[in-house]
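Presented below is the structure to which this report refers.
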Amino acid sequence: MLNWIKFIAFFLLSLFIVITAIVFYNANKPFYDAQKTAIEAVKKTGQLISIDKSEVYNGTISMVTVYGKDEEGTEKALFVDVQTNEVLGEVVLSKGIQPDAAIETVKKELKVHKLLHVSLGLEEDHPVWEVAFQSENGKLNYVYVFFENGEWWKRILNL
C-alpha cells in the first residue's frame, strides 16, 4: 500500500512539473518568435552587422527593439513593427540617456519599491524609455521618459 502512495505522489508531482513546463514554454513562444522574426528582418536590411540583444515593447504599436552595431561600430537600437516586420526607426544609443539615467529620473520624484523592467520603444515617433515598477503599496506604475533628454513624457500610476 505504501508503494502505491509513493507511486501516485511521484506521478502527480511529475505531471505537475511537465504541465508547468509546457505552459511556460507556450507562454513565451510568441515573444521568442517575434524577436527571432525581427532579428531576421534587421539582418535582411543590413542596418546592423552585429546584434547584441532584442526586447519586446508593447505600446501603441507592438514592436521589437533590436540592439546592435552598424558597419561603423556605432551602437544603435532599431524598432521593428511586429505585424509588418518593417523597421519603424532607429536611434544611436550614445545620443540619448541610458536606462540607468531613466530609472534615476523616475526615482527622483516617485518611490520605486520594485523595478520590473526598463524598455526602449517608439511612441508618436519619439524614442522613450518605459520604466515599469511597483510602488510601496504594491501598485503597478508605468513612467515614460524621453530618450533624447530624460524628461517626463507620460505617467500611468497606481494600476
Side-chain angles (χ1 to χ4, degrees), residues 20-159:
T20 302
I22 291 170
V23 167
F24 277 111
Y25 173 77
N26 287 330
N28 287 321
K29 189 167 179 15
F31 291 104
Y32 174 77
D33 290 343
Q35 289 176 324
K36 184 178 175 184
T37 305
I39 289 171
E40 289 172 4
V42 168
K43 285 181 180 178
K44 283 182 185 176
T45 65
Q47 291 176 289
L48 298 177
I49 58 167
S50 70
I51 295 172
D52 299 328
K53 67 177 184 171
S54 65
E55 60 189 14
V56 176
Y57 175 84
N58 288 309
T60 53
I61 298 173
S62 293
M63 64 185 70
V64 176
T65 306
V66 181
Y67 299 88
K69 293 182 181 178
D70 64 6
E71 292 176 349
E72 298 159 1
T74 307
E75 292 184 347
K76 292 184 176 182
L78 273 67
F79 307 105
V80 181
D81 187 337
V82 171
Q83 298 295 323
T84 62
N85 291 323
E86 293 180 23
V87 177
L88 301 173
E90 68 177 48
V91 294
V92 176
L93 294 176
S94 63
K95 293 188 177 181
I97 66 168
Q98 299 303 311
D100 296 338
I103 295 167
E104 289 305 315
T105 301
V106 172
K107 285 183 176 180
K108 285 180 186 176
E109 292 189 35
L110 299 171
K111 298 230 182 217
V112 176
H113 177 67
K114 181 181 178 186
L115 182 67
L116 300 175
H117 72 262
V118 180
S119 300
L120 184 61
L122 200 60
E123 292 287 343
E124 298 178 8
D125 295 328
H126 295 285
V128 294
W129 287 108
E130 176 187 67
V131 181
F133 65 95
Q134 285 182 335
S135 56
E136 291 177 338
N137 59 3
K139 301 281 185 170
L140 178 63
N141 300 278
Y142 290 94
V143 175
Y144 297 87
V145 178
F146 283 118
F147 172 78
E148 293 95 1
N149 54 21
E151 293 180 9
W152 292 83
W153 176 57
K154 181 168 61 170
R155 304 176 200 188
I156 304 171
L157 304 175
N158 296 320
L159 295 175

Looking at CD1 of Ile61 and CG of Leu122, how far apart are the two atoms once the value is rounded to the nearest 0.5 Å? 7.5 Å

Hey, does Thr65 have a side-chain heavy atom less than 4.5 Å from the side chain of Leu78? no

Side-chain touch Leu115/Val131, heavy atoms, less than 4.5 angstrom: yes

Is a donor from one side chain sitting under 3.5 angstrom from an acceptor on the other, for Glu123 and Thr60? yes

Where Ala101 and Ile97 come nearest, the two heavy atoms and their spacing: CB-CB, 4.0 Å

With a 4.5 Å limit on heavy-atom distance, are the side chains of Val106 and Val145 in contact? yes

To the nearest 0.5 angstrom, please state how far the OG1 atom of Thr105 sits from the CG atom of Leu110. 11.0 Å

Separation between CG (Asp70) and CD (Gln47), nearest 0.5 Å, reads 9.5 Å

Is it true that Glu109 and Arg155 have a side-chain N and a carboxylate O under 4.0 angstrom from each other? yes

Shortest non-hydrogen pair, Ser119 vs His117, comes out as OG-CD2, 3.1 Å

Would you call Gln134 and Leu116 a side-chain contact if the rule is heavy atoms closer than 4.5 Å? yes

Students often mix this up, so state it plainly: with edges at 30° and 60°, are the rings of Trp153 and Phe146 parallel, tilted or perpendicular? tilted

Is there a side-chain contact between Tyr142 and Leu140, using heavy atoms and a 4.5 Å cut-off? yes

Hey, what do you get for CD (Glu75) to OG (Ser50), rounding to the nearest 0.5 Å? 8.5 Å

Say you draw a straight line from CD of Gln98 to CG of Leu120; how long is it, rounded to the nearest 0.5 Å? 9.5 Å

Does any part of the side chain of His113, heavy atoms only, come nearer than 4.5 Å to the side chain of Ser135, both counted from C-beta? no

Note, Val64 side chain near Gln35 side chain (heavy atom, < 4.5 Å): yes

Straight-line distance of Phe31 CZ to Asn58 CG, nearest 0.5 Å: 6.0 Å

